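Each remark here refers to the structure printed beneath this line.
Computed from a predicted structure; not experimentally measured. We use all heavy atoms of the structure for the numbers below, so side chains are in, but hydrogens, waters and symmetry mates are not. By convention here, the first residue in the shown sequence is residue 1.
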Amino acid sequence: MKKYVGLFGFMTLIYVGVLLASPWNWDSLALNHFNLARRIGMEGIICVGAGLLIISGGIDLSLGSVVGFSVALAVMLLQDSGRFGLQPLPAFLIVLLFGALIGLINGLLVTKVKVQAFVVTLCGMFIYRGLAKWLTGDIVQGLKDHSSHIPNWNGWIKALYSDREIWGLLQPVNWLLKQLGAQPIAIPVSLVIFLLLVIAAALFLHFSVYGRYFFAIGSNERAARYSGVNTDGYKILAYVICSTLAALYGILHLMPQNSATPTQDGINLELKAIAGAVLGGCSVRGGEGNIFGIVIGATILVLLPNLSLMLGIPDFMEFIVIGLALLIGAILDEVLRRFSAAHKMH
């Protein structure tokens with residue numbers, strides 16, 4: 001618990017730095033916070049998937065390529081000029097199903113064929129990136145705005161398609177801000193989806209016997225198997241969840257930009273997802289982690305580059321900042337682990 005309190009304090013410190021470095025006017029603050037909320041929702045979704053997998057003792061290096069493949073597949077399904085020309089809802093469901101299928105394949109190769117997860121997902125990283133290039137002809141593919149074709153009664157799907165903000169939740173506050181002539185507050189759809197996923201993941205991981213199986217498998221898979229746990233089934237489930245959330249990220253990534261860039265969509269995202277989970281307290285050894293910590297880790301990953309931008313640090317330094325933060329987090333985790341072990345001995 002002390003570790004998560006320290007992480008929360010570190011996150012709060014970074015956020016205060018963002019506030020102090022931001023222009024002090026309401027419109028700029030509102031816009032920056034909306035962009036931060038949207039990015040936290042996006043990064044958080046994939047960090048939750050990576051975190052659950054790491055807790056169960058797995059790893060997935062193909063997440064970024066799965067995102068790129070999902071974006072390319074969604075464009076192919078949605079394009080009016082293409083073979084399919086589907087409406088957004090069925091297209092999204094197909095993309096999510098393909099994400100789940102990728103996770104199923106990864107899980108089966110790891111559990112049944114006994115190939116190392118590192119090797120399976122490393123190969124997947126190349127395969128799915130290649131498939132994304134094949135689907136798009138290795139060029140940027142534009143997408144017509146389908147939002148006008150979506151029934152008006154289906155506001156959530158319409159909002160999801162463009163990742164537009166949800167206004168209804170804040171109508172009273174925004175009415176008051178309008179009277180004051182200030183910028184209204186908006187909540188991005190990606191953040192709402194992320195928070196719902198956090199609640200579901202927390203209930204599953206910390207308040208159900210199935211979540212305890214994830215921890216048991218990650219801590220000692222052989223002991224869990226001898227205890228009667230279907231270790232292969234739960235490991236496959238972890239891979240399916242992880243890849244499905246990567247496909248969901250791909251959908252949300254596509255909607256605002258209305259185009260697929262096969263060489264760039266999701267690039268290096270697997271590293272950010274793993275970094276967010278590890279920074280949030282998930283041990284790469286498996287069997288250790290907390291959804292609250294993953295939320296903090298994902299938030300820190302978004303706040304750090306924003307603070308760097310506010311301070312005028314060049315964009316290419318972003319990965320250095322993230323890498324240093326992750327390294328510091330790993331060092332602190334190891335120091336706290338040794339301190340805790342020494343304290344128990346005494």
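Although no hydrogens or angles enter the test, the distance criterion places no donor-acceptor pair under 3.5 Å between the side chain of Thr121 and the main chain of Asp60. Arg129 places a side-chain N or O within 3.5 Å of a backbone atom of Pro262 that can act as its donor or acceptor partner. Ser227 places no side-chain N or O within 3.5 Å of a backbone atom of Val229 that could act as its donor or acceptor partner. Proximity of a side-chain donor or acceptor of Ser208 to a complementary backbone N or O of Gly211 within less than 3.5 Å is detected. Formation of a donor-acceptor pair under 3.5 Å by the Ser190 side chain with backbone atoms of Arg38 is found in this model.
Residue pairs satisfying the side-chain hydrogen bond (donor to acceptor under 3.5 Å, both in side chains) criterion with at least one member in residues 236-255, sequence neighbours excluded, are listed as follows: His253-Gln257, His253-Asp265. Applying the side-chain hydrogen bond (donor to acceptor under 3.5 Å, both in side chains) rule to pairs touching residues 268-278 yields Lys272-Glu318, sequence neighbours excluded. The stretch residues 210-224 participates, sequence neighbours left out, in these side-chain hydrogen bond (donor to acceptor under 3.5 Å, both in side chains) pairs: Glu221-Arg225, Glu221-Lys235.
In this structure, the separation between CD1 on Ile139 and NZ on Lys133 is 13.5 Å, given to the nearest 0.5 Å. For the atom pair CG of Leu77 and CG of Leu86, the computed distance is 5.5 Å after rounding to the nearest 0.5 Å. Separating the CG atom in Leu63 from the CG atom in Leu245 is a distance of 9.5 Å, to the nearest 0.5 Å. To the nearest 0.5 angstrom, Leu309 atom CG is 12.5 Å from Leu304 atom CG. For the atom pair CD1 of Ile102 and OH of Tyr128, the computed distance is 4.5 Å after rounding to the nearest 0.5 Å. A distance of 9.5 Å separates CG in Leu101 from CG in Asn106, rounded to the nearest 0.5 Å.
Side-chain contact between Thr263 and Asp138 is present, with at least one heavy-atom pair separated by less than 4.5 Å. Two residues are said to be in side-chain contact when any heavy atoms from C-beta on lie closer than 4.5 Å; Leu248 and Ile193 meet this criterion. In this structure, the side chains of Leu108 and Val113 stay at 4.5 Å or more apart for every pair of heavy atoms. Using a 4.5 Å heavy-atom threshold, the side chains of Ser65 and Phe126 count as separate.
Across Val295, Ile241, Leu205, Ile294, a single residue satisfies side-chain contact (heavy atoms from CB on, under 4.5 Å) together with Val48, and that is Ile294.
Counting non-hydrogen atoms of neighbouring residues, nucleotides and ligands closer than 6.0 angstrom, the CZ atom of Phe204 exceeds 12 such neighbours. Residue-environment remark: CZ (Phe98) stays at or below the threshold of 12 foreign heavy atoms within 6.0 Å.
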Evaluate the criterion side-chain contact (heavy atoms from CB on, under 4.5 Å) for residue pair Leu191 and Phe194; output intermediate values, then yes/no. CA-CA 5 Å; Leu191 182 66; Phe194 170 52; 4.2 Å; yes
Go through the steps for Ile251 and Leu96 under the test side-chain contact (heavy atoms from CB on, under 4.5 Å), then give the verdict. CA-CA 9 Å; Ile251 292 170; Leu96 292 175; 4.0 Å; yes
CA sep, side-chain torsions, deciding dist, call: Asn32, Val18, side-chain contact (heavy atoms from CB on, under 4.5 Å): CA-CA 10 Å; Asn32 190 39; Val18 169; 3.9 Å; yes
Evaluate the criterion side-chain contact (heavy atoms from CB on, under 4.5 Å) for residue pair Leu269 and Glu43; output intermediate values, then yes/no. CA-CA 9 Å; Leu269 192 59; Glu43 305 289 342; 3.8 Å; yes
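Linking Ile, Leu, Val, Met, Phe, Trp and Tyr whenever their side-chain heavy atoms come within less than 4.5 Å puts Trp134 and Leu254 in one cluster.
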